[in-house]
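A short write-up of the structure that comes next.
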Amino acid sequence: MWQRRLDWAATVFVGVFGVLWIGVVTFAAFDASMWSRIGQALFGAFLVGWSLHKAGLLLRRTLSKVTAWHRGIGA
């Protein structure tokens, strides 16, 4: 139970960090070259994408356990 909560917390943390990373690169890094900003924005997009992928996996795992419990199979 704790591991599931920690998985969700880590996933949310990485997603929020990715969004903040993109915001900082876009609005605060004026001195950086264009290619550096593009690379950093891609890294932020990768973090957000990873967190969305992980959230989908966590939801699928959670919903499969709920469905199994509901059908009386046991998880």
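The analysis underlying the following values was restricted to heavy atoms, covering all of them including side chains, and did not include hydrogens, waters or symmetry mates.
Applying the salt bridge (Lys or Arg N to Asp or Glu O under 4.0 Å) definition to pairs two or more places apart or across chains, none involves residues 18-34.
Take F46 and apply the ring pair (Phe, Tyr, Trp, His ring centres under 6.0 Å) test, not counting sequence neighbours, and it matches no residue. By the side-chain contact (heavy atoms from CB on, under 4.5 Å) test, A32 pairs with A29, S36, R37, sequence neighbours left out.
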Contacts under 3.5 angstrom, residues 11-28 side chains, donor-acceptor by atom type, not counting sequence neighbours:
from, atom 1, to, atom 2, distance (Å)
T11, OG1, D7, O, 2.8
W21, NE1, Q40, O, 3.4
W21, NE1, Q40, OE1, 2.9
T26, OG1, I22, O, 2.7

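Cation-pi check for R5 over W2 is met; the charged atom lies under 6.0 angstrom from the ring centroid and within 45 degrees of its normal.
In this structure, I38 shares a hydrophobic cluster with M34, W35, L42, the cluster being traced through Ile, Leu, Val, Met, Phe, Trp and Tyr side chains under 4.5 angstrom apart.
Note that the CG atom of L52 and the NZ atom of K54 stand 13.5 Å from one another [nearest 0.5 Å].
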